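Quick caveat, the model's predicted, so the values are computed rather than measured. Residue numbering restarts at 1 for every chain, and letters A, B, ... go by the order of the sequence lines.
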2 protein chains.
Amino acid sequence: MANDTFTALAHPLRRRIVERLSGGPATVGEATGDLGVSKPTVSRHLRALEEARVVTRVIDGRSHRLALRPDTLAEASKWIETQRTRWEGLFDAVGEYLQEERADRR
Amino acid sequence: MANDTFTALAHPLRRRIVERLSGGPATVGEATGDLGVSKPTVSRHLRALEEARVVTRVIDGRSHRLALRPDTLAEASKWIETQRTRWEGLFDAVGEYLQEERADRR
DNA sequence: TATATTGTTAGCGAATTGGCTAATGATACG
DNA sequence: CGTATCATTAGCCAATTCGCTAACAATATA
């Protein structure tokens, strides 16, 4: 479930936010800091990340503390690795002909 | 480079195509098969995947052979894992307080 | 050369996305 | 209570995305 993790990570700004949060939790204001966009915009992106379960929000008074959800990130990278290793597995099984194609891919 | 890998993977249909291709190369027609959309639509998605370097295309006469690019997939999953492990690393370093937050995230 | 096969391009509309500013909510603090 | 602070909501507009059908391009085959 929650497979629009990739949709959440598709936007460059949201990836920058994730990179920011990987260094520790932050408030909306802190996350907005150096991104060069307005706070409502960041708020919107954080909501998208939250709905995709890439981040969690803990509301403490008037400040919101945003944090990454490693479980969701793990799911996403696992999906990718599943596809990649399945593909790679083809070569282990077959050999010659496919190995050439592999070289083609530069 | 090629960081819109996530944009490429954001679309459900494109993920299905990737899953299909992880089982081996396929032509446009083969990829279209059971997806329930028109061939021009699949053609378009394949082009998107190609531009994002998620797949390569080898044209052989009138049929195009599409194949996954494991290198691009590896880059993407690596980015995710970098963020995730950086986040996880915070807990190894700190402890108590953050451990509680960790439990909150269910 | 005529026809079939494989795929792309063109062009259309509906829907979604992403940014902004202005206004609103809600909590903290003097 | 009044004001500042942290954040979301509302509403607008431009741009992009996604699907379709119809038409075209290119290669194979009879």
Expected output: side-chain A:S43 to main-chain A:K39 donor-acceptor under 3.5 Å: no
Give me the first and last nucleotide of DNA chain D, going 5' to 3', that has any atom under 4.0 Å from a heavy atom of chain B. D:dC18 to D:dA28
As a test of understanding, state which of A:V28, A:D34, A:L35 forms a side-chain contact (heavy atoms from CB on, under 4.5 Å) with A:T32. A:V28
Less than 4.5 Å apart, side chain to side chain, heavy atoms only: is that true for A:L73 and B:W79? no
Examine C:dG7: is either OP1 or OP2 under 4.0 Å from a nitrogen or oxygen in the side chain of B:S43? Give yes or no. no
A:F6 and B:F6 aromatic ring geometry - parallel, tilted or perpendicular at 30°/60° bounds: parallel
Any side-chain heavy atom of A:V55 sitting closer than 4.5 Å to one from A:T72? no
Test applied, side-chain hydrogen bond (donor to acceptor under 3.5 Å, both in side chains); reference residue, A:S77; option that passes from B:E81, B:Q83, B:R84: B:E81
Between atom NZ in A:K39 and atom P in C:dT24, what is the gap in whole Å? 18 Å
A:G33 backbone acceptor or donor facing A:R20 side chain under 3.5 Å: no
Taking CD1 from B:I59 and P from C:dT8, how many angstroms apart are they, rounded to a whole number? 8 Å
Does the pair B:E19 and B:R15 meet the rule for a salt bridge (charged side-chain N to carboxylate O under 4.0 Å, His left out), with working shown? CA-CA 6 Å; B:E19 285 170 349; B:R15 281 199 299 275; over 6 Å; no
At under 4.0 Å, does any side-chain N or O of B:T27 touch on OP1 or OP2 of C:dG7? yes
Using a 4.0 Å heavy-atom cut-off across all strands, classify A:S38 as base, sugar-phosphate, or nothing. base
Taking C-beta and beyond as the side chain, do A:L21 and A:L49 meet within less than 4.5 Å on heavy atoms? no
Nucleotides 28-30 of chain C: which of its N/O atoms have a protein N/O under 3.5 Å away?
none

So do the side chains of B:E50 and B:R69 get within less than 4.5 Å of each other, counting heavy atoms only? no
Quick one, A:L66 and A:T27 - any side-chain contact, counting heavy atoms below 4.5 Å? no
Shorter than 3.5 Å, N or O on both sides, protein versus nucleotides 13-18 of chain C: list them out with atom names.
{"from": "C:dG18", "atom 1": "OP2", "to": "A:R14", "atom 2": "NH1", "distance (Å)": "3.3"}

